[in-house]
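In what follows, every heavy atom counts, from backbone to side chain, and hydrogens, waters and symmetry copies are set aside.
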Amino acid sequence: MHLDDLRVFFAVAERLSFTQAAEALNLPKANVSRAVARLEHMLGTRLLERSTRRLRLTETGTRLVAQGAPLTDRLEDLLQQAAEHDDRPRGTLRIAAPYELGIFRLGDVLTELLLAHPTLEAEVDLTSASPDPRDQHYDIVFRLQGSGLPDSGQVARRIYSVARGLYAAPALIARMGMPQTPDDLAGWPAIISPEDPEWPLSAPDGTQHVLRPAGRLRAPNVGMRLHGTIAGLGMSLLSTHFCQAALQNGDIVPLLPAYRVAPTRVYALLPGRRLKPARVRAFLELLSEAMAPWDQEGLAQSVNSMEQSN
């Protein structure tokens, strides 16, 4: 029996789709079908009932998933641990990250790691999507969140947090008037990130306010949002560090500076296995050290999506 055939079967069983399993495993659909057929032939029984409309597990298939999947995960952990007995980073580190984080934060750290470890390679995808490392075979997927992660089953490590503020161009302020309270921002045009449909603000006395911005420009790319803000298209919620040059040049002005905006937290999403390969541990440790001076909430710590210790 090939362990890979079991992994393929478990992927099909989870999705009840050969096509979706093939996409998640980055394999041709024909290879996935052959792997399941090979496993069924070896066991001498059907694991899946196939029809033109749907796929379902047989009783044997259901039992194999329930009892076999945890054992297979554990076996892969043990094999990985045996392969990394010397604890040196090796193999290929696969990362997905938002564009700005990859360009402005991860590049230097990754270069330092590769220079220190000649047996290590890296593949980096810069994307505005949020792939799931449990499905798409990334070692790490970086995600920026204004709040806790919504998926209670997702394993993550908080790397650092980024201070943010509300900003607008002087021309827009001249047209709308300088606001003194969050209520004064009602009716203001805004430039919005899909990750932040609401903007929570804390008053100096601790009172909580929530802005629900609306505007004509919506973009996950912070560079695009900053450009639109400078042009006067609307107010924006931006990383304080990212817009320093625009602030110094007077291109944008802080709004409600006495009010605190929740920081953006940078999380490293992990596939969820108990054992983290040496390449992952080394990269996250080096990144946490490099980002410590920028962290707005103290030292980086390991959390799950409920922000509790793993």
Side-chain angles (χ1 to χ4, degrees), residues 1-52 54-96 117 119-125 127 129-141 151 153-156 268-284 310:
M1 182 186 300
H2 292 288
L3 184 60
D4 284 345
D5 289 350
L6 272 173
R7 290 181 60 250
V8 170
F9 166 68
F10 292 143
V12 173
E14 179 181 354
R15 297 162 182 82
L16 291 179
S17 168
F18 284 99
T19 300
Q20 292 180 22
E23 292 174 353
L25 297 172
N26 195 27
L27 291 172
K29 183 180 176 181
N31 289 22
V32 172
S33 297
R34 282 194 293 269
V36 173
R38 207 164 36 235
L39 183 61
E40 289 179 325
H41 177 74
M42 191 277 300
L43 295 174
T45 186
R46 299 295 292 270
L47 301 174
L48 294 164
E49 293 290 349
R50 302 159 176 84
S51 70
T52 56
R54 58 175 298 187
L55 202 64
R56 70 178 183 87
L57 289 167
T58 65
E59 182 179 350
T60 302
T62 301
R63 187 166 57 249
L64 180 58
V65 170
Q67 299 179 3
L71 294 175
T72 303
D73 287 344
R74 179 57 179 157
L75 179 57
E76 289 184 339
D77 283 348
L78 291 173
L79 291 173
Q80 182 70 51
Q81 190 172 25
E84 297 188 352
H85 63 279
D86 60 359
D87 211 33
R88 287 182 298 179
R90 63 177 68 246
T92 301
L93 179 66
R94 295 178 174 87
I95 297 172
H117 300 284
T119 58
L120 182 64
E121 299 179 3
E123 295 177 2
V124 182
D125 291 334
T127 174
S130 299
D132 191 328
R134 295 169 294 187
D135 290 338
Q136 300 191 26
H137 291 268
Y138 288 107
D139 291 305
I140 308 170
V141 172
D151 184 351
Q154 182 67 70
V155 176
L269 307 188
L270 306 171
R273 296 178 183 174
R274 291 178 294 275
L275 175 70
K276 298 179 181 63
R279 60 181 180 272
V280 173
R281 296 197 304 272
F283 179 69
L284 292 180
N310 286 327

Could you report the tightest heavy-atom contact between [X] and [Y], atom names first, then the distance?
X      : Y      : result
Ile140 : Ala268 : CG2-CB, 3.6 Å
Phe10  : Leu64  : CE2-O, 3.8 Å
Tyr138 : Pro271 : O-CG, 3.4 Å
Ala96  : Thr127 : CB-CG2, 4.4 Å
Pro89  : Thr119 : O-OG1, 3.0 Å

* For Arg38, enumerate each residue passing the salt bridge (Lys or Arg N to Asp or Glu O under 4.0 Å) test, keeping only those at least two apart in sequence or located in another chain. =>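 Scan of Arg38 (salt bridge (Lys or Arg N to Asp or Glu O under 4.0 Å), adjacent residues dropped) gives Asp5.
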* Identify, with sequence neighbours excluded, every residue that meets salt bridge (Lys or Arg N to Asp or Glu O under 4.0 Å) alongside Glu123. =>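 Result, salt bridge (Lys or Arg N to Asp or Glu O under 4.0 Å) vs Glu123: Arg94.
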To the nearest 0.5 Å, tell me how far [X] [atom1] sits from [Y] [atom2].
X      : Y      : atom1 : atom2 : result
Asp139 : Phe283 : CG    : CZ    : 10.5 Å
Arg7   : Leu27  : CZ    : CG    : 8.5 Å
Leu39  : Arg46  : CG    : CZ    : 12.0 Å
Arg34  : Lys29  : CZ    : NZ    : 12.5 Å
Phe18  : Leu48  : CZ    : CG    : 5.5 Å

Any side-chain heavy-atom pair of [X] and [Y] under 4.5 Å:
X      : Y      : answer
Asn31  : Leu25  : no
Val36  : Arg50  : yes
Leu47  : Leu57  : no
Leu284 : Leu270 : yes
Leu55  : Val12  : yes

* **Stepwise side-chain contact (heavy atoms from CB on, under 4.5 Å) test for Thr45 and Thr58** => CA-CA 9 Å; Thr45 186; Thr58 65; 5.7 Å; no
